[in-house]
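Report on the following structure.
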Number of protein chains: 2
Amino acid sequence: MKKEETTEHQILDAAKDVFQSKGMDGARMQEIADKAGINKAMLHYYYRSKQLLFEAVFKNAFSLLAPQLNAILNDDSPIEEKIRNFTNDYTTFMMKHPYLPNFIINELNRNEDFILKLKENTGFPNLEKFKAKVDAEISQGNLKPIDADQLFVNILALNIFPFLGKPLVKALTKKDEKAYKAFTESRKTEVANFIINSIKQS
Amino acid sequence: MKKEETTEHQILDAAKDVFQSKGMDGARMQEIADKAGINKAMLHYYYRSKQLLFEAVFKNAFSLLAPQLNAILNDDSPIEEKIRNFTNDYTTFMMKHPYLPNFIINELNRNEDFILKLKENTGFPNLEKFKAKVDAEISQGNLKPIDADQLFVNILALNIFPFLGKPLVKALTKKDEKAYKAFTESRKTEVANFIINSIKQS
DNA sequence: ACATTTGTTAACCATTTGGTTAAACCTATT
DNA sequence: AATAGGTTTAACCAAATGGTTAACAAATGT
């Protein structure tokens, strides 16, 4: 039997759907069981409690996101190239997992201690290399002076916000689903240009 | 008796606290009653149901946010000035209401139909004037060509994200509460500079 | 073939939760 | 002081919810 067909994995898969769309508090164990096509008792057999099942889903979700961040942080390419790649890759990735950013951001806000557990994990994104690279390129006169943390948050903000605030932005800009998708698609390059325009020393 | 001391208002006040920090699903009517210092039956006496109490809180919250957006959209000052003012005012405002962005974004994601009700309200932010102004300044050669929707989303993203993603950003940039506050404070001008650097025709 | 472990189910349970009710409690008006 | 109105409370209720149990089935090892 393939891994994807085991009961344990079917549960995790159903739990992912339910938790990511309804959050910890809105999710119902019965709904997860129904979606997985099994008895509710099985959830507890494999994962003990709602909390533990939730944590399994959350860690899974975060372990998808972290490599996306590390991609920009841990390679040696010039900042400009980092930004172009990240903006393109991250947006492509998020269009495939639209619930992910909101799920993670929201559950971290609900329980601030939660991130402490994540920090312990190896693979938790580290900014040091990125900062050093930014500072180096500023010294070389390649970039205008900017605090690396601020730049990093700006990059994150511009890429993540369209997914977090989708319902609001859709309404404000009066776009339907199709137009919003095109809007997001064009951001793959627009955002990179916007950032680079701002920081590149002319 | 002042308006703030009426039972009805005390309920709304307590409900705001609880709903904004725990969300619709996580909030408990008993907790709201306790926080308001009254009997649980009073909640239903004044607001009928949890759903209606929630909607009262939500509309209230949105009616705080909308004027902040309209400020940038509906005045006649040059784009550069709009951006500087908005970035400063919005961040100042959000530092006073840190739960607001997450609450609104999150509940809109939970129930996409909800925004339809808001759209009907007069005072729902309208981008037309802002777009016209951006296009005009581009024609004048004052700004580099950019889609006004994209620019608007960028402005929003850069200003809102530090509040939405606070726990994540705090962890990634390894800042404590005090450092994060200073970081946010300095964004009042940093973000405006970042945007204007990017779009100003040199 | 038999025993032991592992997986699965239906029924059940205690608690929590949003909501209701009927009576008590003001407070102003007559 | 009696009355009538809205206001407030304690007690209650039905439904939902996370979790448990005990019996049963299916593998697994000997």
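As the structure is a prediction and not an experimental result, all values here were calculated from the model. Numbers restart at 1 for each chain; the letters A, B, ... are given by sequence-line order, proteins then strands.
- Between A:Phe103 and A:Phe58, the gap from one ring centroid to the other is short of 6.0 Å.
- Checked against C:dG18, C:dG7, D:dT20, the side chain of B:Met29 finds its nearest nucleotide in C:dG18.
- B:Gln10 places its CD atom 14 Å from the P atom of D:dT7, with the value rounded to the nearest Å.
- Side chain of A:Ser198 to main chain of B:Phe194: a donor-acceptor pair is present (N/O by atom type, distance under 3.5 Å, no hydrogens or angles).
- Here the side chain of B:Lys50 is nearest to one of D:dT7, D:dG18, C:dG19, namely C:dG19.
- Rounded to whole Å, atom P of C:dG18 lies 22 Å from atom OH of B:Tyr45.
- For the pair B:Tyr46 and D:dT8, the criterion of a side-chain N or O lying under 4.0 Å from OP1 or OP2 is met.
- The side chain of B:Arg28 lies closest to C:dG18, out of C:dA10, D:dG18, C:dG18.
- Each of C:dT9, D:dT7, C:dT6 was ranked by its minimum atom distance to the side chain of A:Met42; first place goes to C:dT9.
- Of the possible polar contacts, one joining the A:Lys50 side chain to the A:Ala27 backbone as a donor-acceptor pair under 3.5 Å is found.
- A:Tyr46 is not listed as a side-chain neighbour of A:Leu53, based on a closest heavy-atom distance of 4.5 Å or more.
- Distance B:Tyr47 OH to C:dG18 C1': 17 Å, rounded to the nearest Å.
- Across all strands shown, B:Ala27 has heavy atoms under 4.0 Å from sugar-phosphate atoms exclusively, and none from any base.
- Between the CG atom of A:Leu43 and the P atom of C:dA10 there is a distance of 14 Å, given to the nearest Å.
- For D:dG19, the base has a donor-acceptor partner in the side chain of A:Lys40 [N/O atoms by modelled type, under 3.5 angstrom].
- Checking B:Asn39 against A:His44, the closest nucleotide of DNA chain D that is more toward the 5' end is the one next to B:Asn39.
- Atoms CG (B:Asp25) and P (D:dT17) sit 11 Å apart, rounded to a whole Å.
- Taking 4.0 angstrom as the limit, B:Thr7 places a side-chain polar atom (N or O) nearer than this to OP1 or OP2 of D:dT8.
- Distances shown here put every side-chain N or O of A:Ser49 at or beyond 4.0 Å from the OP1 or OP2 atom of D:dG18.
- Closest contact between the side chain of A:Ala41 and the listed nucleotides D:dT8, D:dT20, C:dG7 involves D:dT20.
- For A:Tyr90 and A:Phe86, the ring centers are positioned less than 6.0 Å apart.
- With rounding to whole Å, A:Arg48 atom CZ is found 16 Å from C:dG7 atom P.
- The CG-P distance, from B:Asp34 to C:dT17, rounds to 11 Å in whole Å.
- As rounded to whole Å, 14 Å separates atom C1' of C:dG19 from atom CD1 of B:Ile11.
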